There are 2 protein chains.
Amino acid sequence: MAGSEILARPVRLTDEVTRIIAERIASGVLSPGQQMPSEKELGETFGVSRAVVREAISRLKHDGLIEVRQGVRAFVSANPGGQVFRLEAPGGVDLAALFDLRICTEARAAELAAAHRRSDDLRRMADALAGMKSPVLESDDKVSADAAFHAAIAAASANGYFARLVEFLGEALRAAIGTARRNSARLPGMSALVQTEHEAIFAAIERGEAAQAGQAMTVHLSNARDRLGLAEKTPAG
Amino acid sequence: MAGSEILARPVRLTDEVTRIIAERIASGVLSPGQQMPSEKELGETFGVSRAVVREAISRLKHDGLIEVRQGVRAFVSANPGGQVFRLEAPGGVDLAALFDLRICTEARAAELAAAHRRSDDLRRMADALAGMKSPVLESDDKVSADAAFHAAIAAASANGYFARLVEFLGEALRAAIGTARRNSARLPGMSALVQTEHEAIFAAIERGEAAQAGQAMTVHLSNARDRLGLAEKTPAG
DNA sequence: CATATCTTCTTGTCTGACAAGAAAGAAGAC
DNA sequence: GTCTTCTTTCTTGTCAGACAAGAAGATATG
C-alpha cells in the first residue's frame with residue numbers, strides 16, 4: 001500500500017471501488033469476456049484491502065456484471081447490464097418521465113389482463129376496489145388497496161415480467177412522490193373521480209375488452225399524473 | 001443453460017445468506033424501517049464469519065433493500081425493491097413473455113421518438129440503418145447495428161428511463177436467445193424483410209407520425225418474435 | 001508421447017485486530 | 001432536579017494474516 005492513495009476518505013471505500021470497476025466495464029475499458037485483475041492486484045491498485053475489493057466484486061457478481069470462478073479469476077460477463085435494471089437517479093427522479101414509463105407498462109398490462117383474466121384475478125381486483133371505496137379505512141390502507149388493484153391487474157396479465165415491472169415502477173413512484181412532497185400536500189387520494197376511473201378499468205377487463213381496458217388505464221394514470229401537477233412529457237400519440 | 005447445472009455445485013455461503021435475508025425482507029419477516037440484527041449476530045445465526053455476512057449486507061445495501069449506518073446497524077429500506085428490477089428467472093427465461101414486454105416498451109419509445117426526434121437522433125438511426133444494409137459487414141457487426149438502431153430510437157424518446165429499459169431488455173433478450181440456441185441455428189438476421197421493417201419505422205419517426213411509428217415498431221418486433229418461433233402469448237379471443 | 005504429480009496462483013472463508021461513529025449511561029456543574 | 005460532559009459500549013468500516021478449495025501450468029515419470 002505504498003503511497004498510492006487515489007481514494008478520498010469520507011466515502012465508503014467499497015462504494016468507490018464498485019463504482020470505478022462498474023464504470024470501466026460500462027465504458028468498455030474492461031470488455032466482455034475479459035479476465036479481470038486478481039483481487040490482490042485490484043487491492044494494490046486502489047490502495048485498499050482485499051476485503052473491500054471482495055465486497056465490491058461481490059456486488060458486481062450479484063448484478064451479473066462479472067462472473068467469478070474460484071481458482072481462476074473474475075471475468076467480465078458476456079452481457080454486462082443484462083440482468084439488472086437500476087433506477088438510479090442521483091440527481092433526483094424525473095417523476096414525469098417515470099410516469100410515462102408506468103403508463104405505457106400498465107396500459108399494456110391492462111390489455112393483457114383483459115385477454116387472460118381469470119375468476120380469481122377478477123375477485124382480487126374487486127376486493128381492492130371495495131377496499132378503496134370503504135369510508136372507514138385510513139389513508140395508508142387506501143394507498144395499499146390502490147397498489148393491490150394495480151398489482152392484481154398486472155398479475156392477471158399472465159406475464160410475470162409485466163407483473164414485476166408494474167410492481168417495481170409503482171413502488172419507485174410512490175417512494176419518489178413521498179420524498180418529493182413529504183407532508184407538503186395531501187395526496188390527491190381516492191376521490192370519487194378516481195374511483196370511477198378504477199371501475200372503468202375493471203369493467204373493461206371483466207368484459208374482456210383489451211383495447212378499452214388499456215385506454216381506461218391510460219386515462220386513469222394520465223389523470224393521476226396531472227393531479228400531481230406534472231407536465232405532460234408527450235404530445236398525445 | 002439452467003438445465004446444464006444439474007451437477008452438484010458448491011454453494012457459496014455469501015449467496016445463501018444474501019438469498020435468505022432478501023427473502024425475509026420480501027416476505028415481511030423483516031418489515032420496512034425495522035432494525036436488523038448486527039453483523040455479529042447474523043454471523044452466529046447462520047454459522048458463518050462476519051466477512052460473509054458483510055458481503056451479503058453489501059449486496060443488499062447496493063440493491064437498496066437495506067440502509068446501513070455506521071455505528072448503529074442496518075435498517076430495512078422504506079421501499080424495499082423500489083430501486084432494482086432484476087430479471088432473475090428461476091427455471092429459465094420466458095422468451096415470449098419477455099418479448100411482449102419489449103414490444104410494449106419499444107413501441108411507446110418509437111412513438112415518443114417520433115414526437116421528440118432531433119436531427120442528431122435521426123442521423124444516428126440512419127447510420128445504423130446503413131450499417132445493417134452494408135453487405136461487407138460480419139454478422140456480429142449487423143447485430144450491433146441493429147442494437148444501435150433500436151438504441152437510437154430509445155434515446156430519441158427524450159426519456160432516459162425508456163432509453164435504459166430498452167437497452168436493458170434488448171441485452172437481456174439477446175443474451176437469452178444466444179444461450180437458448182447456441183449455434184443450433186443461424187440467427188434469422190438481417191433479411192430484406194427486416195430491412196424494410198426498419199425503414200418503415202425510421203420513415204414514420206422522421207415524419208413525426210407517432211402512431212405509425214409505434215405501429216411499425218410493433219409489427220417489426222412481433223415479426224421478430226415469430227421468426228424466432230415463439231408463440232404469441234396473447235390469444236386475441 | 002502420455003500421464004501423474006507438484007508447484008503456484010486465485011478465490012472462498014475464518015479469525016483477530018483496530019479505527020470511526022453513535023447511543024446509552026455515569027459523573028460533575030449549576 | 002436538570003443540564004452538560006465524559007466515558008463506556010456497541011456497531012460498522014477497514015486492515016492484516018492465515019488456511020482450505022479449486023484450477024492451471026510446470027515437471028517428473030512411465
Side-chain angles (χ1 to χ4, degrees), chain A residues 1-22 24-25 30 33-78, chain B residues 4-22 24-25 30 33-78 80:
Chain A
M1 283 51 27
S4 66
E5 191 166 343
I6 63 180
L7 295 179
R9 205 55 184 154
V11 271
R12 299 281 104 93
L13 295 179
T14 299
D15 296 337
E16 278 299 290
V17 173
T18 305
R19 186 182 59 78
I20 293 174
I21 297 178
R24 290 188 181 175
I25 292 176
L30 294 169
Q34 183 177 346
Q35 196 179 38
M36 293 188 48
S38 71
E39 296 174 355
K40 183 163 174 283
E41 290 171 346
L42 287 172
E44 292 168 353
T45 300
F46 294 116
V48 300
S49 75
R50 204 185 138 208
V52 170
V53 173
R54 275 196 63 83
E55 288 188 19
I57 293 287
S58 182
R59 293 180 182 179
L60 299 173
K61 174 189 170 190
H62 189 59
D63 283 357
L65 261 65
I66 64 177
E67 293 162 9
V68 185
R69 288 165 51 192
Q70 180 176 358
V72 196
R73 288 190 183 186
F75 296 81
V76 180
S77 183
Chain B
S4 66
E5 293 188 10
I6 309 176
L7 299 172
R9 39 112 213 231
V11 171
R12 304 281 171 248
L13 294 179
T14 300
D15 295 337
E16 280 298 290
V17 173
T18 306
R19 183 181 59 79
I20 293 174
I21 297 179
R24 290 187 182 176
I25 294 176
L30 295 169
Q34 184 177 344
Q35 195 179 37
M36 293 191 44
S38 71
E39 296 174 355
K40 185 164 173 282
E41 290 170 346
L42 287 171
E44 292 168 353
T45 299
F46 295 115
V48 300
S49 74
R50 202 183 141 211
V52 170
V53 172
R54 275 195 63 83
E55 288 189 18
I57 292 288
S58 181
R59 292 181 183 179
L60 298 172
K61 174 188 170 193
H62 190 57
D63 283 357
L65 262 65
I66 63 177
E67 294 162 9
V68 185
R69 287 165 52 192
Q70 181 176 359
V72 197
R73 289 191 182 184
F75 297 81
V76 180
S77 182

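Atom set for the values below is all heavy atoms of this structure, side chains included, hydrogens, waters and symmetry mates excluded. Since we're looking at a predicted model, the values are computed, not measured. Below, chain A is the first sequence line, B the second, and so on; all start at residue 1.
In this structure, the CD atom of B:Glu67 is 15 Å from the C1' atom of D:dT12, given to the nearest Å. Atom NZ in A:Lys40 sits roughly 13 Å away from atom C1' in D:dA16 (whole-Å rounding). Distance, A:Arg54 CZ to D:dC15 C1': 15 Å, rounded to whole Å. In this structure, CG of A:Asp15 is placed 9 Å from P of D:dG13, rounded to the nearest angstrom. If you measure from atom CD of B:Glu55 to atom P of D:dG13, you get 14 Å, rounded to the nearest angstrom. When the P atom of D:dC15 is taken as reference, atom CD of A:Glu44 falls 13 Å away, rounded to whole Å. We find that NZ of A:Lys61 is positioned 12 Å from P of C:dT11, with the value rounded to whole Å. A:Phe75 has its CZ atom 11 Å from the C1' atom of C:dT10, to the nearest Å.
For the salt bridge (charged side-chain N to carboxylate O under 4.0 Å, His left out) with A:Glu55, the lone residue among B:Arg54, B:Lys61, B:Arg50 that qualifies is B:Arg54.
If you take CG on A:Leu13 and OG on A:Ser49, they are separated by 8.0 Å, rounding to the nearest 0.5 Å. Atom CD1 of residue A:Ile66 and atom CG of residue A:Leu30 lie 10.0 Å apart, to the nearest 0.5 angstrom.
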Close N/O contacts between protein and nucleotides 23-26 of chain D (under 3.5 Å):
{"from": "D:dA24", "atom 1": "OP1", "to": "A:Arg69", "atom 2": "NH2", "distance (Å)": "3.2"}

List, with names and distances, any nitrogen or oxygen atoms from the protein found under 3.5 Å away from nitrogen or oxygen atoms belonging to nucleotides 14-16 of chain C.
{"from": "C:dC14", "atom 1": "OP2", "to": "B:Ser49", "atom 2": "N", "distance (Å)": "2.9"}
{"from": "C:dC14", "atom 1": "OP2", "to": "B:Ser49", "atom 2": "OG", "distance (Å)": "3.0"}

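Across A:Leu60 and A:Ala22, no two heavy atoms sit closer than the pair CD2-CB, 4.0 Å.
Note on A:Thr14: a side-chain N or O is less than 4.0 Å away from OP1 or OP2 of D:dT14.
Taking the side-chain hydrogen bond (donor to acceptor under 3.5 Å, both in side chains) definition, one finds that A:Ser58 meets it with B:Arg59, sequence neighbours left out. For B:Gln35, there are no side-chain hydrogen bond (donor to acceptor under 3.5 Å, both in side chains) partners two or more places apart in sequence or in a different chain.
Using a 4.5 Å heavy-atom cutoff, the side chains of B:Arg24 and B:Ile20 are in contact. Looking at heavy atoms from C-beta onward, B:Leu42 lies in side-chain contact with B:Ile57 at the 4.5 angstrom threshold. You'll find the side chain of A:His62 reaches within 4.5 Å of the side chain of B:Asp63, heavy atoms only. At least one side-chain heavy atom of A:Ile21 sits under 4.5 Å from a side-chain heavy atom of A:Met36.
Sorted by first and then second residue, the pairs that involve residues 66-75 of chain A and meet salt bridge (charged side-chain N to carboxylate O under 4.0 Å, His left out), not counting sequence neighbours, are A:Glu41-A:Arg73.
End-to-end axis angle of the helix from C:dC1-D:dG30 to C:dC30-D:dG1, from C1' rotation axes over five pairs per end: 20° (rounded to 10 degrees).
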